Undergrad: 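The structure is given below, and queries will be raised subsequently.
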Amino acid sequence: MENSSEWDLLVELISQDSYGVDVEPDKISIKVEDADEDWAAPDVVIRRADEEWIQIERPFAKAAEIDLPAVLTKVGSMVTVGGLVVIGEHIMLRHALLLAEALEPDDNYDNARKYETPLGILVDDARTLGRQLAGHDDDF
């Protein structure tokens, strides 16, 4: 894929700022700090969708075990970035960004890049959805 220098920079930035990073050619998996408390497979994944776009995604429930209207109602009341997708047996939040834009400095925060805000929101919202709608723990 083209833009490999931008992808390489994203990999470098995430590797410096996160722990538990697993890098594959077109995929970065980041272990989430509360992973031991959440359900299985809680990692957030950043993928190269194509040469210009990245996708940030995190599963929060098994599709067959969740009330989809409840999920859609809850997501509609949240500040969630992106949308919902089902991949395999999992339902997840997904957000897409232009790779070049993701690397730009975020004017709202010192020393931050534009990918960091949607990444944080997506991780938090997936955690909330998992806890409130999929029963990952009793701390509602």
Side-chain angles (χ1 to χ4, degrees):
M1 284 189 183
E2 295 179 26
N3 296 332
S4 70
S5 62
E6 290 177 331
W7 176 255
D8 292 344
L9 177 57
L10 182 64
V11 168
E12 181 182 332
L13 291 168
I14 290 173
S15 296
Q16 289 172 357
D17 293 339
S18 304
Y19 81 98
V21 176
D22 181 35
V23 178
E24 296 178 25
D26 292 320
K27 176 178 149 184
I28 307 165
S29 296
I30 306 167
K31 191 129 195 96
V32 179
E33 288 184 19
D34 70 338
D36 294 336
E37 299 172 17
D38 277 343
W39 67 300
D43 293 355
V44 63
V45 174
I46 301 173
R47 300 179 195 279
R48 287 187 76 171
D50 60 28
E51 60 234 12
E52 294 182 20
W53 290 89
I54 61 170
Q55 295 174 330
I56 305 168
E57 54 195 31
R58 185 176 190 209
F60 64 88
K62 290 188 176 180
E65 298 173 4
I66 196 145
D67 178 4
L68 185 57
V71 170
L72 294 172
T73 299
K74 183 66 178 175
V75 168
S77 69
M78 300 173 83
V79 183
T80 300
V81 294
L84 293 171
V85 296
V86 175
I87 298 178
E89 64 180 16
H90 296 110
I91 187 167
M92 59 183 68
L93 289 176
R94 177 188 281 169
H95 184 72
L97 286 166
L98 284 167
L99 178 56
E101 182 180 317
L103 295 170
E104 291 176 5
D106 188 334
D107 296 334
N108 297 318
Y109 303 98
D110 291 335
N111 301 317
R113 304 288 178 132
K114 287 189 176 177
Y115 74 87
E116 293 177 84
T117 297
L119 175 64
I121 292 170
L122 189 134
V123 167
D124 290 344
D125 285 354
R127 180 184 304 126
T128 298
L129 289 167
R131 289 181 175 168
Q132 292 181 355
L133 300 174
H136 296 167
D137 69 25
D138 296 325
D139 297 331
F140 292 20

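FYI, side chains are in, hydrogens and waters are out, and symmetry mates aren't considered; it's all heavy atoms of this structure. What you are looking at is a predicted structure, and each value in this text was computed from that prediction instead of being measured.
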Undergrad: Provide the closest heavy-atom pair for Val44 versus Val32 in the form atom of the first, atom of the second, distance.
TA: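 Scanning both residues, the minimum pair turns out to be N-CG2, 4.0 Å.
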Undergrad: Do you know the tightest heavy-atom contact between Arg47 and Val45?
TA: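 Closest approach of Arg47 to Val45, heavy atoms only: CG-CG1, 3.7 Å.
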Undergrad: Minimum heavy-atom separation for Asp17 and Glu116, please, with both atom names.
TA: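 Shortest heavy-atom contact: OD2-OE1, 4.4 Å.
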Undergrad: As an exercise, state the distance from CD1 of Ile28 to CD1 of Ile54, rounded to the nearest 0.5 Å.
TA: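 That separation rounds to 7.5 Å.
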Undergrad: Would you find a donor on one side and an acceptor on the other, under 3.5 Å apart, between the side chain of Arg113 and the backbone of Glu104?
TA: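 Absent.
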Undergrad: Which atoms form the tightest heavy-atom contact between Val21 and Ser15, and what is the distance?
TA: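 It is CG1-OG, 3.9 Å.
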Undergrad: Does this structure show an ion pair linking Lys114 with Glu101, if we count only N-O contacts that are shorter than 4.0 Å?
TA: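 Not counted as a salt bridge, because no side-chain N and carboxylate O are separated by less than 4.0 Å.
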Undergrad: Out of curiosity, Glu12 CD to Ser5 OG, how far, rounded to the nearest 0.5 Å?
TA: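 Output value for this atom pair is 11.5 Å.
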Undergrad: Would you tabulate the side-chain donor-acceptor contacts of residues 63-75 under 3.5 Å, counting partners in other chains and residues two or more places apart, or write 'none'?
TA:
{"from": "Thr73", "atom 1": "OG1", "to": "Pro69", "atom 2": "O", "distance (Å)": "2.9"}
{"from": "Lys74", "atom 1": "NZ", "to": "Gln132", "atom 2": "OE1", "distance (Å)": "2.9"}

Undergrad: Roughly how far apart are Arg48 CZ and Leu99 CG, rounded to 0.5 Å?
TA: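 Rounded to the nearest 0.5 Å, the CZ-CG separation comes to 6.0 Å.
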Undergrad: Got a second to check how far Leu103's CG is from Leu13's CG, nearest 0.5 Å?
TA: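 Going from CG on Leu103 over to CG on Leu13, the span is 6.5 Å.
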Undergrad: Start with the C-alpha distance between Glu57 and Ile46, add both sets of side-chain angles, then the distance that settles side-chain contact (heavy atoms from CB on, under 4.5 Å), and finish with yes or no.
TA: CA-CA 6 Å; Glu57 54 195 31; Ile46 301 173; over 6 Å; no
Undergrad: Determine whether a donor-acceptor pair (N or O, by modelled atom type, separation under 3.5 Å) exists between the side chain of Trp7 and the backbone of Pro25.
TA: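 Yes.
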Undergrad: Going by heavy atoms in the side chains, are Asp125 and Phe60 under 4.5 Å from each other?
TA: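 Result no, sub-4.5 Å side-chain heavy-atom pair not found.
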Undergrad: May I ask you to test the Val85-Ile91 pair for a side-chain heavy-atom distance under 4.5 Å?
TA: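 Answer no - side chains too far apart.
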Undergrad: Find out if a path of hydrophobic residues (ILVMFWY) with successive side-chain heavy-atom gaps under 4.5 Å connects Ile56 to Val86.
TA: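 Yes, Ile56 connects to Val86 through the hydrophobic network.
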Undergrad: Kindly give the heavy-atom pair with the smallest separation between His95 and Gly82, and that separation in Å.
TA: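 So the minimum-distance heavy-atom pair works out to ND1-N, 3.2 Å.
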Undergrad: Considering non-hydrogen atoms only, spot the tightest contact between Pro59 and Met92 and give its length.
TA: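 Looks like CA-CB, 3.4 Å.
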Undergrad: CH2 of Trp53 to CG of Asp50: how many Å apart, nearest 0.5 Å?
TA: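 Output value for this atom pair is 8.5 Å.
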Undergrad: Report yes or no: do Thr117 and Asn108 form a side-chain donor-acceptor pair below 3.5 Å?
TA: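 Judged by distance alone, the side chains do not pair up.
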Undergrad: Does the side chain of Met78 reach to within under 4.5 Å of the side chain of Thr128, using non-hydrogen atoms?
TA: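 Counting from C-beta outward, Met78 and Thr128 do come under 4.5 Å.
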Undergrad: Report yes or no: does Arg58 contribute a side-chain atom to a donor-acceptor pair with the main-chain N or O of Ala126 at less than 3.5 Å?
TA: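 Here the side-chain-to-backbone pair does not exist.
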Undergrad: Show your working on side-chain contact (heavy atoms from CB on, under 4.5 Å) between Leu97 and Gln55 and close with a plain yes or no.
TA: CA-CA 6 Å; Leu97 286 166; Gln55 295 174 330; over 6 Å; no
